[in-house]
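Before any comments, here is the structure.
Just so you know, residue 1 is the first one in the sequence shown, and it goes up from there.
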Amino acid sequence: MAQEITWELFEKQVAECRLCPLHAGIQHKVPGQGDRHSPLMLVGEGPGQTEDEQGLAFVGAAGQLLTRMLEAIQLPRDRVYICNVVKCRPPFNRVPAPEEAEACRIHLRMQAWLVRPKVIVLLGSTAAKNLLDPEIRITRDRGKWVERKGVWMMPTFHPSALLRDPDKKRLAWEDMKSLRDKLQELHLYEDIYGKEP
Ligand code: URA
């Protein structure tokens, strides 16, 4: 009989995962966290040093910026679900290899199935290429909405890119306003905290 997909199964699967070599050099797996019933899911690339130390996604400098960006459109961080393409920190924060992202896909799929978000924001090129289209170029395609099987997806800059190049913040703000508009259009602020902002 097929095994039922549950959060317990997901957690066990990630904790025991050895599907790629990344698990060998880490302190903690970083499965993702937040509101498991949120209509909004954010997907980044992979844990950095602070995330690896704490076992939590987006808690370092990029995560703090992400928190402020969400708050700017009335989204408390604990009301959204946040995770990454890979659940183990790549050495020296390098971009995950295609085989590593592919191996980890089973976890992300299970997570998306469990959360069932209506909107997914892809933070940076790795998330956009892996979830949407390998040909995506973030500078060209950021801010464009795509609907896949009833789920609205939008690529935007990774917050680390904004820390490296503050000139990108203006465009990132446009994308956050577009996210706010999409959530309003779909009446999802009501799901997020029971009323419109
Ligand atoms: N960058 C990511 O892509 N994810 C994190 O969790 C932290 C930094």
Side-chain angles (χ1 to χ4, degrees), residues 10 13-14 17 19-23 25-26 29-34 38-49 51-52 57-58 60-63 65-66 69-70 80-165 167-176 178-179 182:
F10 166 76
Q13 190 178 269
V14 171
C17 182
L19 290 172
C20 85
L22 287 181
H23 70 88
I26 61 162
K29 300 270 173 83
V30 180
Q33 78 273 3
S38 182
L40 174 61
M41 184 165 175
L42 298 144
V43 184
E45 178 175 292
Q49 183 178 348
E51 290 76 20
D52 182 49
F58 280 102
L65 175 57
L66 181 62
M69 289 162 65
L70 291 170
V80 305
Y81 191 82
I82 305 184
C83 62
N84 286 299
V85 169
V86 292
K87 314 305 187 206
C88 294
R89 181 191 182 199
F92 310 108
N93 297 344
R94 65 162 168 75
V95 175
E99 316 80 72
E100 293 158 354
E102 181 57 36
C104 218
R105 190 181 290 264
I106 181 174
H107 305 311
L108 189 54
R109 281 229 182 100
M110 198 185 264
Q111 229 163 359
W113 193 90
L114 286 162
V115 177
R116 291 188 188 276
K118 304 218 171 63
V119 174
I120 301 181
V121 173
L122 305 162
L123 299 167
S125 166
T126 300
K129 284 180 194 288
N130 277 282
L131 275 86
L132 209 47
D133 179 351
E135 300 304 318
I136 272 188
R137 295 217 324 263
I138 206 78
T139 40
R140 182 190 63 195
D141 298 320
R142 51 145 281 280
K144 295 180 187 164
W145 287 99
V146 177
E147 192 189 0
R148 291 267 172 90
K149 297 184 189 163
V151 180
W152 285 96
M153 304 172 91
M154 180 188 66
T156 187
F157 290 123
H158 191 288
S160 299
L162 306 179
L163 291 174
R164 282 194 302 270
D165 178 4
D167 286 351
K168 292 194 166 89
K169 282 188 180 171
R170 188 184 56 78
L171 292 171
W173 175 234
E174 294 301 317
D175 296 348
M176 293 312 286
S178 174
L179 171 61
K182 180 61 75 183

Do K87 and Q13 have side-chain N/O donor and acceptor atoms under 3.5 Å apart?
no
Minimum heavy-atom distance between T126 and E45, given as atom pair plus value
OG1-OE1, 2.8 Å
Nearest heavy-atom neighbours spanning A57 and G32
CB-CA, 4.4 Å
Using a 4.5 Å cut-off on heavy atoms from C-beta on, say whether the side chain of K182 contacts that of V119.
yes
I want to check a possible cation-pi pair here: R116 against W113, using under 6.0 Å from ring centre and within 45° of the ring axis as the test.
yes
Between C20 and A103, what is the shortest heavy-atom contact and its length?
CB-CB, 4.0 Å
Can you give me the closest heavy-atom contact between D175 and G143, atom names plus distance?
OD1-CA, 3.3 Å
On a heavy-atom basis, the closest approach of P91 and L22 is CD-CD2, 3.7 Å
Determine the minimum heavy-atom distance between S178 and M154, stating which atoms define it.
OG-SD, 4.1 Å
Do Q33 and Y81 get their side chains close enough for a donor-acceptor pair, meaning under 3.5 Å?
no
Rounded to the nearest 0.5 Å, how far does CG of L132 lie from CE of M153?
5.5 Å
Less than 6.0 angstrom from the centroid, inside 45 degrees of the normal: does K118 satisfy that with respect to the ring of W152?
no
Please tell me if the side chains of I136 and S125 come closer than 4.5 Å, counting only heavy atoms from C-beta onward.
no
Measuring only between side-chain heavy atoms, which start at C-beta, is P117 closer than 4.5 Å to P39?
no
